[in-house]
**Student:** 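What follows is a structure written as structure tokens; I'll ask about it next.
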There are 2 protein chains.
Amino acid sequence: MPAKPKHRDRIVRTAARLFRRDGYAATGTNEIVAASGAPKGSLYHYFPRGKAEIAEAAVSYAGGLVSATLTELAAKHAHPADIVRAYGALLAGWLAKSGFRDGCPITTTLLELAPSERGVTKAGKAAFGTWVDVFTASLRAAGARKASAERLARTAIAAFEGAMILARVEQGPGPIEDVATEIARLFELSTQPQMSLI
Amino acid sequence: MPAKPKHRDRIVRTAARLFRRDGYAATGTNEIVAASGAPKGSLYHYFPRGKAEIAEAAVSYAGGLVSATLTELAAKHAHPADIVRAYGALLAGWLAKSGFRDGCPITTTLLELAPSERGVTKAGKAAFGTWVDVFTASLRAAGARKASAERLARTAIAAFEGAMILARVEQGPGPIEDVATEIARLFELSTQPQMSLI
DNA sequence: ATAATTATATAGACTGGTCTATATAAATCA
DNA sequence: TGATTTATATAGACCAGTCTATATAATTAT
């Protein structure tokens, strides 16, 4: 037995991956155990509240990954429109790599469990919140008006969420590319001094 | 025995409702039978390919409802920005009425089944396609450039899809309102003669 | 026109399997 | 030694789909 737990993280990461592909209800605990190499007993030891608790941890974990990615992009790009374009390119690449079988790592789970599972709902809200914050900060720094920065940021996150769904259904990157183009344009228009007055 | 079938439509409508709330995998055939009042035998009589075939029918049905709604809005409003605002208000109202427990009637099912279930995927693609067509036509009529009309339309559908997810997680209409505001603005800017040249 | 046959829709019990979670004991670690 | 982690058989609920049977309308044959 290891000095430090080695299975908990694996359970979470594996669950996030499996939930992303087929959703929460279609992914059984035995499948998570088999795919992660974790013992069945450990699963309920670490997550005594059961499967929903695993979902909560998976949403937090996956949401944090996206947040880190967005933060990294924000550090590289001064303008929010450039972040949008870069993020769009990343998303298109990820989905293409999965053969357009994956989507946003937290969406399917949230659609199945929110708002009835409180913990999962809260984890999802926090995840989306941090993503919106990254864009809001960048938009503010680029000159967007305070009243519209958060609205714009939320629109961008929502648009990318929807674009990933469309991309999966259409089995191609088109929707993500379209959203990236139009949201980047909207951001540019919203951060120009004269347009900001509209 | 009735000369004419009475259960098939009920099965489809009920399935669409139940899938929308908790998703496909978490909704059992027995639950659909109980909620629709249809006999179990009838369920497999009408859908010999099984549960996925029901999902396919449910997606087609629900997608058609949204399509009819959008077409109605397009007939009432000349400008696409007004359609966006009206649709946003409708969505916010529907979700509020469900206590923010519902979302888009086809999204959860699609996220669980696309692209592995071909029929469902195809039905979803068709549904999204008709929704995009409504906005594209309106944008074109309002003066948007051909090259961007479909891109804008797709962005709008994607943004509303994402907004419904955020609204459900946040338990409030904020994201839908934000998206409606910003996409309407984007549409206005994209249908003005001088802005269309950007 | 009548009887026989076919087709359709309904009804619900049943099947073999999977699900989540628990209990309890054993193994390992510090 | 006590705390932590693992192992695994089992319980009870639920799963999607199958099966047998019936009622009745429509079709076909005589």
Side-chain angles (χ1 to χ4, degrees), chain A residues 1-59 108-109 112-114 116-120, chain B residues 1-59 108-110 112-114 116-120 123:
Chain A
M1 292 302 125
K4 93 179 211 182
K6 69 178 180 186
H7 290 295
R8 192 187 188 284
D9 282 355
R10 273 210 209 137
I11 288 169
V12 174
R13 273 187 272 121
T14 300
R17 175 164 63 81
L18 296 176
F19 292 160
R20 176 183 195 168
R21 179 63 55 91
D22 295 323
Y24 171 86
T27 302
T29 51
N30 286 336
E31 195 182 346
I32 296 169
V33 161
S36 65
K40 188 72 180 282
S42 291
L43 188 139
Y44 287 98
H45 171 77
Y46 291 124
F47 303 97
R49 284 191 286 116
K51 194 179 174 184
E53 191 179 353
I54 299 173
E56 187 181 326
V59 167
T108 310
T109 305
E112 291 176 81
L113 300 178
S116 51
E117 288 292 341
R118 297 274 181 75
V120 179
Chain B
M1 294 299 119
K4 87 183 225 187
K6 68 180 184 187
H7 289 293
R8 193 187 188 281
D9 281 356
R10 273 207 208 138
I11 289 168
V12 174
R13 273 187 273 120
T14 300
R17 174 165 61 82
L18 297 176
F19 292 160
R20 176 185 196 167
R21 178 65 54 90
D22 293 326
Y24 172 86
T27 302
T29 50
N30 286 336
E31 195 181 346
I32 295 169
V33 162
S36 64
K40 191 73 177 281
S42 291
L43 187 140
Y44 287 95
H45 171 78
Y46 290 122
F47 304 98
R49 284 192 286 116
K51 195 178 173 187
E53 192 179 351
I54 299 172
E56 187 180 324
V59 166
T108 310
T109 306
L110 288 170
E112 291 177 80
L113 300 177
S116 51
E117 288 293 338
R118 297 273 182 75
V120 179

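Convention: sequence-line order gives letters A, B, ...; per-chain numbering from 1.
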**Student:** Using the side chain to side chain donor-acceptor pair (under 3.5 Å) criterion, which residues pair with B:K51? Sequence neighbours excluded.
**Tutor:**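 B:K51: no side chain to side chain donor-acceptor pair (under 3.5 Å) contacts found.
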**Student:** Quick check: does any side chain N or O of B:T27 sit under 3.5 Å from a backbone N or O of B:G23, one acting as donor and the other as acceptor?
**Tutor:**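 At least one qualifying donor-acceptor pair exists.
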**Student:** So, the side chain of A:T14 versus the backbone of A:I11: is there a donor-acceptor pair under 3.5 Å, distance only?
**Tutor:**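 Looks like no, no N/O pair under 3.5 Å.
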**Student:** Under 3.5 Å, side chain of B:E53 to main-chain N/O of B:R49, donor-acceptor pair present?
**Tutor:**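 Indeed, once roles are kept as given, a pair shorter than 3.5 Å links the two residues.
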**Student:** So which nucleotide from C:dA9, D:dT6, C:dT20 ends up closest to the side chain of A:K51?
**Tutor:**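 So the nucleotide nearest the side chain must be C:dT20.
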**Student:** Tell me which nucleotide among C:dT20, C:dT10, D:dA16 gets nearest to the side chain of A:Y44.
**Tutor:**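 Nearest to the side-chain atoms of A:Y44, counting from C-beta on, is C:dT20.
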**Student:** Rounded to whole Å, please give me the gap between CG in A:L43 and P in C:dC19.
**Tutor:**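 Atom CG in A:L43 sits about 13 Å away from atom P in C:dC19.
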**Student:** If I take atom CG in residue A:D9 and atom P in nucleotide D:dT5, what distance separates them, rounded to the nearest angstrom?
**Tutor:**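 Atom CG in A:D9 sits about 12 Å away from atom P in D:dT5.
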**Student:** Tell me which residues in residues 10-41 of chain B lie within less than 4.0 Å of DNA chain C, going by non-hydrogen atoms.
**Tutor:**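 By residue number: B:P39, B:K40, B:G41.
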**Student:** For the pair made of CZ in A:F47 and P in D:dT5, what is the distance, rounded to whole Å?
**Tutor:**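 So the two atoms are 12 Å apart, to the nearest Å.
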**Student:** Test A:L18 against A:E31 for side chain to side chain contact (heavy atoms under 4.5 Å, CB included), laying out the working first.
**Tutor:** CA-CA 9 Å; A:L18 296 176; A:E31 195 182 346; 4.1 Å; yes
**Student:** At under 4.0 Å, does any side-chain N or O of B:Y46 touch on OP1 or OP2 of C:dT8?
**Tutor:**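 Negative; the distance criterion is not met.
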**Student:** Using modelled atom types and a 3.5 Å cut-off, is there a donor and acceptor pairing between side-chain atoms of B:E112 and backbone atoms of B:Y24?
**Tutor:**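 Yes, because the side chain of B:E112 sits within donor-acceptor range (under 3.5 Å) of the backbone of B:Y24.
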**Student:** Can you tell me if the side-chain N/O atoms of B:H45 get under 4.0 Å from OP1 or OP2 in C:dA11?
**Tutor:**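 Checking B:H45 against C:dA11: no side-chain N or O falls below 4.0 Å of OP1 or OP2.
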